[in-house]
Amino acid sequence: MDVWSYLCFLSLCSCLVFGKPTLRKERVLHDPELSKRPHEDNRSYQYDHEAFLGKEDAKTFDQLTPEESKDRLGKIVDRIDGDGNGYITTDELKTWIKRVQKRYVYENVAKVWSDYDLNKDNKISWEEYKQATYGYYLANPEEFEDATDQFSFKKMLPRDERRFKAADMDGDQAAEREEFTAFLHPEEFDHMKDIVVLETMEDIDKNGDGHVDEDEYIADMFAHEEGGPEPDWVKTERDQFSDFRDLNKDGKMDLEEIRHWILPQDYDHAQAEARHLLYESDTDKDQMLTKEEILENWNMFVGSQATNYGEDLTKNHDEL
């Protein structure tokens, strides 16, 4: 790790250990909407296009001819058909939509991949990650004699190792791209949710008793000045804690109560959109889509110069 990276990392560690927010911190992980567009299929498929392709790729398709759009859509369908049986199920559509909406996560991993794949074998072992992230600390322990620095690194190294093992699905001590993505962005993967809950508990549970009491819950959101009044929103959060967070009314939150708090059972936008696309395109009503059925209803999945022009005409007519 170079000096600048080391200083940035040390600063991050210090913030994690000692930083106290002065404003409300948002811990709840909501399922994001697929598009800001209205879902109005009688007039426009823009919502469906952005859900199926992502916002940027939807714009790209809008510049293609209908023939080019259908050709690219056919190639996408082949990628969606994970088992290669020639049929697209709701689950396969949902998986594709979720991956499209997480594209920024994969792009982030691509940017940093070479920093950690030290031997260029297209995998990142735990040893490689540890060396790239903590190598300077491990090689120069005498420079970290300050108790604060020691605490930061000693706390984060085993925490990272535990998360790495959870992301390493095949247990080979090396992460392929999907596994490393789960390691860096655990909140995006269902099998990493236990780690997200546990790390949240550890962040907020300052007295280390394995629970989060009301004062710890509030301290995570608000740095109270000695003798100063609490804002109204803090009082509201205290009520939220007693009424909705502390489900068993024992005065504290355990892991399951934290899970209920930060991972609410939201409306599943990807599932709803997958069902919608299948229902509208499944001409033989067998609950699956063939490539032919998708291409027959191609303008619902992707745009083109023609559909974009038609939408512009409708929009301009409405504005007159």
Side-chain angles (χ1 to χ4, degrees), residues 1 5-6 8-17 27-29 31 82 95 98-99 101-141 144 149-212 220 253-264:
M1 181 184 291
S5 298
Y6 155 68
C8 290
F9 180 72
L10 185 58
S11 174
L12 172 62
C13 291
S14 299
C15 289
L16 286 172
V17 176
R27 290 262 183 198
V28 182
L29 303 173
D31 187 23
T95 298
K98 280 188 171 291
R99 186 176 181 87
Q101 298 302 318
K102 291 191 293 189
R103 185 171 292 154
Y104 75 95
V105 170
Y106 293 100
E107 290 173 351
N108 171 260
V109 171
K111 289 177 183 177
V112 302
W113 181 265
S114 61
D115 296 335
Y116 297 106
D117 183 15
L118 303 180
N119 64 3
K120 309 306 178 188
D121 65 347
N122 210 31
K123 290 184 178 181
I124 296 172
S125 69
W126 165 246
E127 288 302 318
E128 284 178 307
Y129 178 80
K130 183 172 71 171
Q131 182 60 36
T133 306
Y134 297 99
Y136 190 91
Y137 161 69
L138 295 171
N140 303 277
F144 298 85
D149 297 342
Q150 287 282 2
F151 177 77
S152 299
F153 282 95
K154 286 183 177 180
K155 176 183 177 182
M156 294 189 70
L157 180 54
R159 177 164 157 157
D160 274 357
E161 184 173 14
R162 181 182 65 195
R163 188 196 284 190
F164 193 94
K165 288 179 178 178
D168 180 22
M169 296 287 283
D170 57 11
D172 65 352
Q173 293 292 305
E176 297 181 351
R177 290 198 179 246
E178 189 76 0
E179 292 172 324
F180 196 64
T181 304
F183 170 67
L184 291 184
H185 299 275
E187 71 284 353
E188 299 288 352
F189 293 83
D190 288 341
H191 70 281
M192 297 294 289
K193 295 298 173 65
D194 287 345
I195 286 291
V196 173
V197 172
L198 181 57
E199 290 181 0
T200 301
M201 166 74 82
E202 292 172 344
D203 287 343
I204 305 176
D205 176 24
K206 298 306 181 185
N207 63 12
D209 68 349
H211 294 84
V212 171
D220 183 58
M253 285 195 291
D254 57 24
L255 284 172
E256 282 308 308
E257 287 167 321
I258 287 178
R259 179 188 299 274
H260 188 270
W261 166 40
I262 68 170
L263 301 174

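Between the side chain of Asp205 and the backbone N or O of Val212, no donor-acceptor pair lies under 3.5 Å.
Between Pro186 and Arg163 the shortest heavy-atom distance is CD-NH1, 3.5 Å. For the residue pair Ala132 and Tyr116, the shortest heavy atom distance occurs at CB-CD2, 3.6 Å. The shortest non-hydrogen separation linking Lys154 to Pro158 is O-CD, 2.8 Å. Here the shortest heavy-atom pairing between Phe180 and Ala175 reads N-CB, 3.8 Å. Nearest heavy-atom pair, Ala166 versus Met169, reported as atom, atom and distance to 0.1 Å: O-SD, 4.3 Å.
For Arg162, the side-chain hydrogen bond (donor to acceptor under 3.5 Å, both in side chains) test picks out Glu202, with sequence neighbours left out. For Glu178, the salt bridge (Lys or Arg N to Asp or Glu O under 4.0 Å) criterion is met by Arg99, not counting sequence neighbours.
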Practice problem: Evaluate the side-chain contact (heavy atoms from CB on, under 4.5 Å) criterion for residues Tyr106 and Lys102: first the C-alpha distance (whole Å), next the side-chain angles of each, then the deciding distance (0.1 Å), finally the verdict. | Solution: CA-CA 7 Å; Tyr106 293 100; Lys102 291 191 293 189; 4.1 Å; yes
Quiz item: Should Asp168 and Trp126 be marked as a side-chain contact (heavy atoms from CB on, under 4.5 Å) after you check the CA-CA gap, both sets of side-chain angles, and the distance that decides it?
Solution: CA-CA 10 Å; Asp168 180 22; Trp126 165 246; over 6 Å; no
Practice problem: Apply side-chain contact (heavy atoms from CB on, under 4.5 Å) to the pair Glu179 and Asp170, showing each step before the final yes or no. | Solution: CA-CA 9 Å; Glu179 292 172 324; Asp170 57 11; 3.4 Å; yes
Practice problem: Quick one: do Glu187 and Met192 satisfy side-chain contact (heavy atoms from CB on, under 4.5 Å)? Show the steps, please. | Solution: CA-CA 7 Å; Glu187 71 284 353; Met192 297 294 289; over 6 Å; no
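Aromatic rings of Tyr129 and Phe183 (six-membered ring for Trp) have centroids within the 6.0 Å cut-off, being under it.
Classified by interplanar angle (parallel below 30°, tilted 30° to 60°, perpendicular above 60°), the ring pair Phe153/Tyr137 is parallel.
Between Leu255 and Asp194 there is no side-chain heavy-atom pair separated by less than 4.5 Å.
Residue-environment remark: NE2 (His185) exceeds the threshold of 12 foreign heavy atoms within 6.0 Å.
Between Asp203 and Arg27 a salt bridge is recorded (basic side-chain N to carboxylate O distance below 4.0 Å). Under a 4.0 Å N-O distance rule, the pair Lys193/Asp190 qualifies as a salt bridge.
In this structure, Gln131 CD and Tyr136 OH are separated by 13.0 Å, a value rounded to the nearest 0.5 Å. Arg259 contributes atom CZ, which lies 10.0 Å from atom CG of Leu198 (distance to the nearest 0.5 angstrom). Rounded to the nearest 0.5 Å, atoms CH2 (Trp113) and CD1 (Ile124) are 4.0 Å apart. In this structure, CD1 on Ile262 lies 10.0 Å from CD on Glu199, to the nearest 0.5 angstrom. Here Asn108 contributes atom CG and Thr181 contributes atom OG1; the two are 8.5 Å apart, rounded to the nearest 0.5 Å. Taking NE2 from His211 and CG from Asp254, the interatomic distance works out to 5.5 Å, rounded to the nearest 0.5 Å.
Stacking of Lys130 on the aromatic ring of Phe164 is not recorded, the 6.0 Å distance cut-off and the 45° axial limit not both being met.
Pairs passing the salt bridge (Lys or Arg N to Asp or Glu O under 4.0 Å) check and including a residue from residues 104-123, sequence neighbours excluded, read Lys123-Asp172.
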